[in-house]
Number of protein chains: 2
Amino acid sequence: MARGDQRPVTVHTIAKHVGVSPAAVSTVLSNRHEERRLAAATVEKIRAAVRELGYVPNIAARRLRTHDPEVRHIDLGILTTFEAPLFLVSRALRQVQRMADARTDPKRKFSVSIGMFHAGRLREMPGLLNASRFNGVIVTNTLPDDDAFLAATALPYAVVVLGRRIPNYFCVLETPGESGRRAAEILLASHRSQFVVLTPALLTQSTAERAAAFCATVRERTGRDPARVIASSFVPASGAEALRAHLAAGRPCDALYAVTDSLALGAYQAIRDGNRRIPRDIAVVGVGDHEHADFFDPPLTCVGPANDTVAEQVATSLFHLLSHRRVKPVELHVPPSVVMRVSA
Amino acid sequence: MARGDQRPVTVHTIAKHVGVSPAAVSTVLSNRHEERRLAAATVEKIRAAVRELGYVPNIAARRLRTHDPEVRHIDLGILTTFEAPLFLVSRALRQVQRMADARTDPKRKFSVSIGMFHAGRLREMPGLLNASRFNGVIVTNTLPDDDAFLAATALPYAVVVLGRRIPNYFCVLETPGESGRRAAEILLASHRSQFVVLTPALLTQSTAERAAAFCATVRERTGRDPARVIASSFVPASGAEALRAHLAAGRPCDALYAVTDSLALGAYQAIRDGNRRIPRDIAVVGVGDHEHADFFDPPLTCVGPANDTVAEQVATSLFHLLSHRRVKPVELHVPPSVVMRVSA
DNA sequence: GCTTGAAACTAAAACGATTTAGCATTTCGA
DNA sequence: TCGAAATGCTAAATCGTTTTAGTTTCAAGC
């Protein structure tokens, strides 16, 4: 063996190794050897070589060769991080799919997929820079590093950024500051005085803005800043832990704003564990990014991006960019929707 | 215009239309016209033609041409339906990614993506049959139609089926019947007598098996079949509605098995609305397919696939198939894990 | 008048697979 | 013994794009 640093093995490599033509190898690989009458012995030799050399087909070549030249194939991607919860993209995904279905015809097919990158390492995503993976993408859940990378790069295809503001990109995001302000107003309206904002340690643009606007509004109306409780991550357990510590230390809290619903879910647990009642002892406002906010006990009052509207905007923008290339970058603001349930 | 049923436009089409070579078009498309000194007027003409003809680049060709021949690119996919909740695949996804990362080196890159198909229409997924999209896939959340399609087809690449049993495929699934039996045992152990099983109208293989095994066990021990409550879909709201109707009709229930956690979440709401307490009045057992079963109130007792184990098995199998092609199909059973929380 | 250089392009190869048409042999039937 | 049919393979084109290595034209410099 010892074929250390060769180039990857192709059908040619195998053909040479066995002493046949690439055509024969291809025939065997696609299990067509019966109808094309290859000798059983040859088939076996080729199969053995394929296994021995560890052949992996080149998808791009295969796709280029086998596609029907009459139909255009358009690849759409939703790019998110491994670290972010997947449901955050599901609305956008479904909306893109719906619009793609509406535009599908015998000469035009779409595939919509979710591409994943490690948070902060968008730049390493294969094929992003040379436009060799997608005809258009929606990028979301980026970290500041990724934002910086995008800002410094002009991607030569359709890109819509979801939930962030990045210069020279088509961006769709909630109206800046609006969520935090409305959340504060709801809690202020129920005559609370001990305000707390629960955030993850690592803030994205939206979560940072929510927290900032909330604090600004509370300060403006009460003269005092809310207490800030910081969860180590964005999962419920860390939210629970952080708030539990806050309450256990005897620090006051009768109005809580959680900048994501996962954290709110954790907060619910901490509040129950501390024998307080929602909303009697502590009013809670969340964001509405969780599919099941309605099934929280009590149902969670939310101020947050109108997800359906955002999804629609983002998908519409993507298809718009796809058809009219080189349109001016636009920043679309979607005002938050307020769903008053029981928790505040 | 009126170029109705032509073939899709390529760089050649544009080149001919403008009266330049494909090379010039390509140069403009990749924004390299400055360094390659194309005349500004030509650039503009090409740009205009690109827009006018509605050019869409062929991703496969671009990728084939631009990839570094020294590195092998391996495309892995997790195939699920638009209809199924995305979080069902997140564990498998993360595990595949982890193993891919471990196998990544300068000559070997992976991309892991989620491919979506419409439930029951897996056969229509572009590139599935001719192996021109993925080097290996994990297929999950299939409906019977999809299963039939798979059973009738020999896909010429690495395929692992998650949560189903399909002849001639590498399948990973929970030990058949085990979940339902254990769930029944838990409820029987707390001396209940009015058993109810909550299922969606459209049963998948696993949900059907859970329900069947649950009923069989209850019948065997009590001589009576559990009542069957059927939700119109798998979302919490439909579970709530179905159980609410059951309770409102005055029909008995002191032990509930919900075959998915989404339905359990809905059931919780119906039970609260009916002024019953969990587990005092009604004991509930769920499946553990929801990320937040621990944050239900009260926390949900679950019997279900040990998701981490399943994810590990499924990812390991995929990479195994990828390296040793043509291994015998195997059916891997993962025994359910039981997490006793508060609800039963 | 001849070289040099810049400007503005093009021809052709290459990426890796699949498939069509066809070329040698061998076998078989009459 | 000859032609036809079957057997077992290969050559070469092709998919659409990018890039390298030119080529041609014109202006400037000597």
Side-chain angles (χ1 to χ4, degrees), chain A residues 7-16 18-46 50 55-75 127 129-133 135 156-157, chain B residues 7-16 18-46 50 55-75 127 129-133 135 156-157:
Chain A
R7 309 174 105 210
V9 357
T10 69
V11 281
H12 283 87
T13 327
I14 296 170
K16 206 159 290 173
V18 178
V20 294
S21 71
V25 176
S26 176
T27 299
V28 170
L29 284 173
S30 50
N31 279 321
R32 285 277 188 38
H33 48 278
E34 308 257 294
E35 59 182 271
R36 294 206 191 132
R37 303 174 314 218
L38 285 210
T42 315
V43 173
E44 254 329 297
K45 272 192 289 181
I46 293 175
V50 162
Y55 169 74
V56 178
N58 180 320
I59 289 299
R62 201 173 254 181
R63 189 166 149 196
L64 173 59
R65 176 57 231 236
T66 56
H67 91 291
D68 177 351
E70 296 281 308
V71 347
R72 246 296 158 245
H73 200 106
I74 301 167
D75 279 19
L129 281 163
N130 53 14
S132 66
R133 272 195 93 65
N135 294 100
Y157 53 102
Chain B
R7 306 174 109 210
V9 357
T10 69
V11 282
H12 282 87
T13 326
I14 297 170
K16 206 159 289 172
V18 178
V20 294
S21 73
V25 177
S26 177
T27 300
V28 171
L29 284 173
S30 52
N31 279 321
R32 284 275 188 38
H33 49 278
E34 309 257 295
E35 61 184 88
R36 296 207 190 131
R37 302 175 313 220
L38 285 208
T42 315
V43 172
E44 254 328 297
K45 273 193 289 182
I46 292 175
V50 163
Y55 169 74
V56 177
N58 180 321
I59 289 298
R62 199 172 257 180
R63 189 166 150 196
L64 173 60
R65 176 57 230 237
T66 53
H67 91 291
D68 177 351
E70 296 281 308
V71 347
R72 246 295 158 245
H73 199 106
I74 300 166
D75 279 18
L129 282 163
N130 52 15
S132 65
R133 273 197 92 65
N135 294 103
Y157 53 104

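Side chains are part of it too, since the values below use all heavy atoms of this structure and drop only hydrogens, waters and symmetry mates. Residue numbers start from 1 in every chain, and the chains themselves are labelled A, B, ... in the order their sequence lines are given, proteins ahead of strands.
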Residues at least two apart in sequence or cross-chain that pass side chain to side chain donor-acceptor pair (under 3.5 Å) with Arg32(B), listed by chain then number, are Glu35(B)

Below 3.5 Å is the cut-off: list the nitrogen or oxygen pairs between protein and nucleotides 25-27 of chain D, distance only.
none

Separation of dT18(C) atom C1' from Ile59(A) atom CD1, nearest Å, is 14 Å

Less than 4.0 angstrom between a side-chain N/O of Tyr55(B) and OP1 or OP2 of dT17(D), yes or no? yes

Between its two end axes (five pairs each) the helix from dG1(C)-dC30(D) to dA30(C)-dT1(D) turns, nearest 10 degrees, through 60°

With sequence neighbours left out, the residues meeting side-chain contact (heavy atoms from CB on, under 4.5 Å) with Ser26(B) are none

Atom CD of Glu35(A) and atom P of dT7(D) are separated, to the nearest Å, by 14 Å

inquiry  = Would you say Arg32(B) places a side-chain N or O within less than 4.0 Å of OP1 or OP2 belonging to dT19(D)?
reply    = yes

ask   = Do the side-chain N or O atoms of Thr66(B) get closer than 4.0 angstrom to the phosphate oxygens (OP1, OP2) of dC15(C)?
value = no

side-chain contact (heavy atoms from CB on, under 4.5 Å) filter on Val71(A), not counting sequence neighbours, yields Asp68(A), Lys109(A)

dist His33(A):NE2 -> Thr27(A):OG1 (nearest 0.5 Å) comes out at 10.0 Å

Atom NE2 of His33(A) and atom C1' of dT7(D) are separated, to the nearest Å, by 15 Å

Sorted by chain and residue number, the side chain to side chain donor-acceptor pair (under 3.5 Å) partners of Arg37(B) (sequence neighbours excluded) come out as none

Between NE2 of His12(B) and P of dT18(D) the distance, given in whole Å, is 12 Å

With no angle test and no hydrogens, is the base of dT18(C) tied to the side chain of Arg65(A) by a donor-acceptor pair under 3.5 Å? yes

Whole-Å distance, Leu64(A) CG to dC15(D) C1', equals 4 Å

The side chain to side chain donor-acceptor pair (under 3.5 Å) partners of Asn130(B) (sequence neighbours excluded) come to Ser132(B)

Would you tabulate the nitrogen or oxygen pairs shorter than 3.5 Å linking the protein to nucleotides 5-11 of chain C?
| unit_1 | atom_1 | unit_2 | atom_2 | d |
| --- | --- | --- | --- | --- |
| dA8(C) | N7 | Arg37(B) | NH2 | 3.4 |
| dC9(C) | OP1 | Thr42(B) | OG1 | 3.3 |
| dC9(C) | OP2 | Ala39(B) | N | 2.9 |
| dC9(C) | OP2 | Thr42(B) | OG1 | 2.7 |
| dT10(C) | OP1 | Ser21(B) | N | 3.3 |
| dT10(C) | OP2 | Ser21(B) | N | 2.8 |
| dT10(C) | OP2 | Ser21(B) | OG | 2.8 |

_Contact between Tyr55(B) and Val25(B) at the side-chain level, heavy atoms closer than 4.5 Å - yes or no?_
no

query = Any side-chain heavy-atom pair from Glu44(A) and Ile46(A) closer than 4.5 angstrom?
reply = no

Here the distance between atom P of dA17(C) and atom NE2 of His67(A), to the nearest Å, is 17 Å

### Query
Counting only side-chain N and O atoms of Ser26(B), is one of them less than 4.0 Å from OP1 or OP2 of dT18(D)?
yes

So the salt bridge (Lys or Arg N to Asp or Glu O under 4.0 Å) pairs with at least one residue in residues 56-66 of chain B (sequence neighbours excluded) are Arg63(B)-Asp75(B)

Separation of dT19(D) atom P from Asp68(B) atom CG, nearest Å, is 13 Å

So, the side chain of Asn135(A) versus the backbone of Ile59(B): is there a donor-acceptor pair under 3.5 Å, distance only?
-> no

All heavy atoms of Pro22(B) vs all of Ala15(B), minimum pair found to be N-CB, 3.5 Å

Hits for side-chain contact (heavy atoms from CB on, under 4.5 Å) against Arg72(B), two or more places apart or cross-chain, chain-then-number order -> Pro8(A), Thr10(A), Val56(A), Asn58(A)

To the nearest angstrom, the CG-P distance between Leu29(A) and dT19(C) comes to 12 Å

